[in-house]
A.B. asks: 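Once you've had a glance at the structure underneath, I'll fire off some questions.
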Amino acid sequence: MSTHNESNAPVSPPVAKSRFEGDLLEAEVWWRDHQMWLEERGYMLRPRYHPNWIPSWHKDWGFDRDFYMREDGRWIMRSCILDATRIEDGSAVALKKISTSAHPYEVIISRYFSTEPRASDPANHCVQIHEVLDVPDDPDLKIMVMPFLRDFSNPSFLTIGEAVEFFRQAFDGLRFIHSHNVAHRDCGKMNIMMDPRPLYPDLYHFVSISQKRDLSGTAKHYTRTRFPVKYYFIDFGLSRMYDPVKGPPRSYPIRGGDKSVPEFKKSLDPCDPFPTDIYYLGNVIRTVFLEEYNGFEFMQPLVDDMVQEEPTKRPNMDQVIARFDNILGSLSNWTLRSRLPPKDEIWLFRYY
């Protein structure tokens, strides 16, 4: 679902020759081999992944050096995620390939949060699953069809208020997850995204996210202040649902994208995963906002508590939201509308 990799970096001569000839990466071959089945199920892949694909630069005598400037010359870096167009209505979706033996709970938990009455709950910020496809030639694999989402922090936040709205939604979303006795266990910055459609009404290329879908120019976008967005937690591959009747939740440490969890460095014994989620989200706010911008002094005490070394000293999500509501009530409209100044910003003064 995430589209972090841009495929327009310079490549070595052997790789360039292979790409020019139209060779797919190993990560892409599976999608080409299943393109016709996906089309039968109602999802159209981009031309690059069609079995009869002829590179566009071959058709019009393009040069070696410009194949990666073509829409069908951009390749994916992650084999498990690809974009598609839903044939029924022309909408963009994301397809995620899941090994149920490696991640036995991902489909179950994702479906749980995508089922009523949970799906329509305003506090639900879990990615919604459109449908799950059974791969016909591999009973271990499933394809989850999901909304087309974007990294939550791209484009950059411009005002204090835009960031505060992200905090609010992220706190509400994690409390909702925890209220259903589910620990995400990997809710770091790589697994929080947003619905980009309010900002990018014409969307953008799945791989080259700064470009239009046909790579004809820069993708136009608006600001969050003008067109607010909704944020989502994704990737429930490490998540677990716990039965409170069976006593305090305990799980062996498992390292997700954020490798800095204090309790995982001290012991490999089973621990309560819910305070670890608090740490993950607090560390997102610390690293993405507090360490990069000025003006967030009002969040420092809360974030400091969320990332405490001792898990039992961290607040739970009800406590986090109660404190955040008090903070929010203390902020003036002027503060919320204030520009976000990067900490490394350099002011140049001209003397007359």
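Remember, predicted model here, so these are calculated numbers, not experimental data.
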A.B. asks: Please lay out, stage by stage, how E88 and Y43 fare under the test side chain to side chain donor-acceptor pair (under 3.5 Å).
C.D. replies: CA-CA 8 Å; E88 179 183 21; Y43 301 98; over 6 Å; no
A.B. asks: Please report whether the ring centroid of F289 lies less than 6.0 Å from that of F157.
C.D. replies: yes
A.B. asks: Kindly give the heavy-atom pair with the smallest separation between N154 and M194, and that separation in Å.
C.D. replies: O-CE, 3.0 Å
A.B. asks: Could you check whether R86 and S91, counting side-chain N and O atoms only, form a donor-acceptor pair closer than 3.5 Å?
C.D. replies: yes
A.B. asks: Output yes when E263 and K266 qualify as a salt bridge under the 4.0 Å nitrogen-oxygen rule, no when they do not.
C.D. replies: no
A.B. asks: With sequence neighbours left out, which residue pairs that include part of residues 255-276 fulfil the ring-ring contact (aromatic ring centres under 6.0 Å, His included) condition?
C.D. replies: H178-F274, Y242-F274
A.B. asks: Could you check, using the six-membered ring where one of them is a Trp, whether Y231 and F166 have ring centers closer than 6.0 angstrom?
C.D. replies: yes
A.B. asks: Looking only at heavy atoms, what is the nearest atom pair of H184 and I234, with distance?
C.D. replies: NE2-O, 2.8 Å
A.B. asks: Do R150 and I209 come close enough that some side-chain heavy atom pair is under 4.5 Å?
C.D. replies: yes
A.B. asks: Run S99 and S101 through side chain to side chain donor-acceptor pair (under 3.5 Å) and show every step you take.
C.D. replies: CA-CA 5 Å; S99 166; S101 60; 3.1 Å; yes
A.B. asks: Could you tell me whether E71 and R48 have a side-chain N and a carboxylate O separated by less than 4.0 Å?
C.D. replies: no
A.B. asks: How about F176 and H125: do any of their side-chain heavy atoms sit closer than 4.5 Å?
C.D. replies: no
A.B. asks: Identify the two heavy atoms, one from N124 and one from R118, that lie closest to each other, and give their separation to 0.1 Å.
C.D. replies: ND2-O, 2.9 Å
A.B. asks: Verify the distance criterion only: is there a donor paired with an acceptor across the side chains of Y204 and Q211 at less than 3.5 Å?
C.D. replies: no
A.B. asks: Run the ring-centre check on H180 versus Y112 and record whether the distance is less than 6.0 Å.
C.D. replies: yes
A.B. asks: Should R46 and D72 count as side-chain neighbours, where that means a heavy-atom distance under 4.5 Å?
C.D. replies: no
A.B. asks: Is the ring pair F171/F324 parallel, tilted or perpendicular, if the boundaries are 30 and 60 degrees?
C.D. replies: perpendicular
